[in-house]
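These numbers come from the heavy atoms of this one structure, side chains and all, not from hydrogens, waters or symmetry mates.
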Amino acid sequence: MLTGRESLSRLIGKRRRFLPNLQSILSSPIRSSLNLLSDKNGGLTETESSKGKVEISSSDLVTCPVCGSKVRGEDYTINSHLDRCLSRRTKRKLTQRTLLELNFGCSQSKLQISSDESERLLSSDLRKNCSDYEENVTRCFSKIDPREEKSHDQCRQLPHTESVKQIDVAGSAENPISDGRANTMVYFSALSTDNEESRNHMDGTVDSISGMAIDTFIVGRKFSDEKEVNLGANISLLRDPDNIKDSNAIKVLSASSACCKGYVISVPKRSLDAVPIQIVCQNIIFNGKNGCDEFEALHLWQKALQVVEFAKNRPPNTTKYQQNFCLLLKDVLTSSPHLFTKDEKKFIESFTSLSEDSQRLFVRLYTRKGPWFRLSTIMYPEICNPQQAVKELSATGYLYLFEDTTKLHDDEMKDLLSLLTVSELRDILCTLRKKCNHGSRKQNLIASLLSCYKGGSCPVLQRLIWERTEICIRASPEAESLFWRAETLFFLNGEQDLSAFLLVDLRIVKYPTYNCIILEQIFSNKSDLLAYEEAIEVAQVIDQSLDENNFELVLRCIMIADSRISCCPEKLIDSTSPDLMAIFRSCFSASWVYSKVILLGISFLECERRYKDAIHLLRRLLDCFTCDARRGYWTVRLSVDLEHIGCPNESLSVAEAGLLDPWVRAGSRMALQRRVLRLAKPPRRWKTPSFSESLKRKIIEVHIQGRPLNCEAGRKSRFYGEDGEQCGVEQLALQYYATEGGWQGVHTESGIWMTIFGLLMWDILFSDVPNVFRTRFQTAPLDMDTDHFYLARKSLIEPQLQKIHDGLAEEILITSWELHMGTACRGVNWDQHSLSDLRAAVSCIRGPCLASLCRHLAQDYRSWLSGMPDLLLWRFHGDYKGEAKLVEVKGPRDQLSEQQRAWLLLLMDCGFNAEVCKVSPTVLSP
């Protein structure tokens with residue numbers, strides 16, 4: 001993969017369906033000193049890049065053996081396409097659409113749920129048939145407080161039934177209803193026996209609550225035999241502790257002797273809607289025969305009061321994803337009103353005035369891939385009248401309709417054709433009397449129809465599509481743009497979306513607790529925001545163009561990014577500025593995004609061996625971004641590319657200047673030092689650099705042999721372990737150290753160190769620092785990758801490091817683990833590392849060594865994030881004393897990278913026992 005591609009993809013996140021500035025990106029003239037689209041005479045070539053396509057003859061295309069798509073026949077194109085295909089993960093992920101279609105039952109355990117377990121949960125527990133429950137219709141009351149939650153093992157999904165709503169602290173969520181034929185059940189999930197209050201602390205008596213009334217609802221009547229509800233009908237509630245599904249279940253019965261009685265106060269319009277009721281606690285003698293003693297009645301009533309109080313503003317007809325979406329819009333309009341015009345704010349605010357069905361339908365469509373959807377196929381159990389909702393959304397400008405008379409662009413025509421099935425596409429081709437190969441793939445059929453449409457030989461194609469799809473709908477461009485902006489302002493990254501809410505509701509992800517102290521806005525004015533949005537569009541276009549092998553458009557995007565950076569030098573960071581907070585805020589600027597586009601372009605140009613163009617762009621980045629941790633990588637690449645074009649003297653000068661740059665650190669600094677030593681030989685330089693001795697330091701090497709399984713170049717080395725099983729070089733090294741020295745250990749590279757750092761510095765990571773926490777979905781402060789992190793918290797970090805130095809690391813680790821187990825934090829992996837392994841590692845590492853390591857990570861987390869040794873080993877001498885060792889393992893053809901070498905030398909300076917283990921194949925004697 002090209003350098004910078006993964007980072008840019010994370011920045012883009014979910015690709016937008018509508019790009020407001022696409023036409024200007026494709027066709028506007030570019031004011032750039034760099035002419036990448038030039039012919040041999042230096043003039044701009046006439047290409048189809050402005051139209052988003054490239055003319056390629058069929059003879060120049062080859063078929064990918066992995067995905068079957070057509071790609072160019074050049075070696076670079078084939079190799080990069082195969083890399084992408086083979087690196088794609090096939091494991092099913094929780095997409096936004098998948099999550100929205102689930103109906104969630106009782107709450108999950110407060111323990112962290114692993115990804116494998118969540119997969120099992122979604123594939124089995126959530127799909128139990130409603131026939132599993134033949135006795136009762138259930139309803140879940142809300143959870144009052146996360147500390148009072150009770151873990152339930154029932155999570156069920158009924159995809160063809162009406163949803164029941166569960167009210168949560170964050171809003172309403174859907175809950176399934178079990179099939180039943182006799183009684184209606186009400187679950188009070190807040191009545192957890194694990195968190196049950198002591199009888200000695202219960203306030204009040206049964207007499208004090210007798211006669212009190214509260215209003216609530218009954219839901220789930222769809223699964224009851226009694227469908228009719230009469231106004232004023234008497235009911236009673238009774239605990240059912242013998243219920244095998246939930247010991248906290250509440251029965252809804254006809255009037256009888258029970259702790260709580262009530263009556264129907266209103267009859268809903270629709271027969272299966274929630275029924276408003278009023279319940280009253282009765283003053284009766286509690287003898288335990290009805291499963292309800294005095295303490296239980298009092299406890300039940302107090303919890304019911306809390307539930308009703310919490311649910312006053314959360315009606316049961318509100319779905320969770322609908323409420324989350326409205327919460328997001330409200331938060332953005334409250335925190336960033338200056339980034340929307342009066343009309344835009346009015347448009348967003350009008351969303352809450354839409355009908356319930358319209359709100360739900362829009363959120364459903366907005367979070368799906370789309371962009372077009374057949375109206376005839378839209379069926380959601382919580383949306384009663386989709387046709388009426390479409391009319392309302394269309395009238396208010398939220399939806400755009402495709403009808404027989406609608407005029408479409410070529411891209412819209414392609415999207416509509418993708419809605420058709422293969423048989424429908426073939427039917428259209430037959431109607432048009434075009435050649436139709438029955439073995440053709442769907443994409444080939446669509447391409448054939450598009451070519452006819454664009455060539456003007458098929459003017460009736462639009463009518464033929466409409467006859468099969470009838471009315472189709474999509475979110476309007478205005479709604480797409482405004483709600484995408486709201487989502488971006490809320491999460492401040494491209495990786496999170498509405499599914500973040502649902503993952504929290506499912507208890508799959510639990511975010512840490514911190515205070516959001518916002519003193520300054522990320523975007524001070526709307527012009528900065530619009531420039532940032534346009535830069536994201538350019539990033540998306542170049543990312544899509546690389547997927548489509550549209551190299552002319554890739555080059556155009558590089559030129560656009562170069563011209564935009566050149567035109568706004570006042571927006572870049574000044575190295576003399578004392579405001580280090582501006583460094584992490586600059587990550588939300590257009591120039592930052594364009595720098596990532598240029599970095600990806602540099603990698604692309606280097607692969608094409610266009611080194612002069614890459615050098616021009618590298619110099620541009622170094623001139624514009626004077627305070628940036630990426631300067632080290634840029635300087636190394638500039639020096640290397642200058643050597644590629646035969647300029648060793650200039651390459652040496654660039655490397656020497658880079659060593660004077662304070663922003664060149666870690667592996668990049670070591671790479672430049674080694675380049676200077678190699679290039680600075682007489683007669684270029686006569687004086688030996690002062691750092692030459694430090695680079696010549698010897699790192700201990702251990703050589704072991706193993707029986708190889710494969711010895712092919714380009715493939716990861718595999719060996720037979722001591723137990724005869726196949727393993728990698730790291731596992732072979734672990735077996736060697738366990739046998740030779742009695743070492744225990746783990747193969748984690750940087751993982752275990754990031755986990756230890758996160759646990760030891762937890763309180764500091766989430767301390768009260770202004771402007772670094774802006775949403776409750778963060779796993780780290782915004783400034784963690786900058787120098788501002790250490791400087792802003794130095795008074796907190798140094799005392800903590802002193803405690804670690806004095807030997808209190810294990811105690812801090814245990815406390816942090818017990819308090820925050822399962823909470824998401826950047827770098828902390830709860831599943832991969834057990835507490836016993838972490839304790840053993842920390843206790844065997846001397847306090848001064850660990851404190852020095854944590855200080856380097858706190859001061860420059862970004863530079864030292866990767867490249868740590870593969871193995872962390874430890875062994876005990878007696879009960880309390882031990883030693884640790886760090887080992888970098890290398891296979892037969894592997895070499896240390898500059899970052900790995902920098903880490904090993906740093907660890908040796910910190911006092912660690914570090915070495916390199918080289919694995920080679922066993923040499924068989926003749």
Between [X] (side chain only) and [Y] (backbone N and O only), is there a donor and an acceptor less than 3.5 Å apart?
| X | Y | value |
| --- | --- | --- |
| D783 | V772 | no |
| R619 | I615 | no |
| T396 | L393 | yes |
| E487 | D497 | no |
| Y380 | R364 | no |

NZ or CZ of R631 within 45° of W663 ring axis and under 6.0 Å: no
Fit a plane to each ring of F362 and Y366, take the angle between them on a 0 to 90° scale, and name the class: parallel (under 30°), tilted (30 to 60°) or perpendicular (over 60°). parallel
| said: Using 30° and 60° as the class boundaries, would you call the ring planes of F483 and F351 parallel, tilted or perpendicular? | reply: perpendicular
The ring-ring contact (aromatic ring centres under 6.0 Å, His included) partners of F588 (sequence neighbours excluded) come to none
Here the pair of heavy atoms bringing R485 nearest to L529 is CD-CD2, 3.5 Å
Of all heavy-atom pairs linking A539 and L8, the shortest is CB-CD1, 3.7 Å
**Asked** Can you find a heavy atom in the side chain of R15 that is under 4.5 Å from one in the side chain of D543?
**Response** yes
- Task: With the side chain counted from C-beta on, respond yes when L555 and R610 share a heavy-atom pair under 4.5 Å apart, and no when they do not.
- Result: yes
Sorted by chain and number, sequence neighbours left out, salt bridge (charged side-chain N to carboxylate O under 4.0 Å, His left out) with R17 holds for E480
Does the ring centre of [Y] sit less than 6.0 Å away from the ring centre of [X]?
| X | Y | answer |
| --- | --- | --- |
| F523 | Y532 | yes |
| F347 | F340 | no |
| F490 | F501 | yes |

Sorted by chain and number, sequence neighbours left out, side-chain hydrogen bond (donor to acceptor under 3.5 Å, both in side chains) with S355 holds for S358, E392
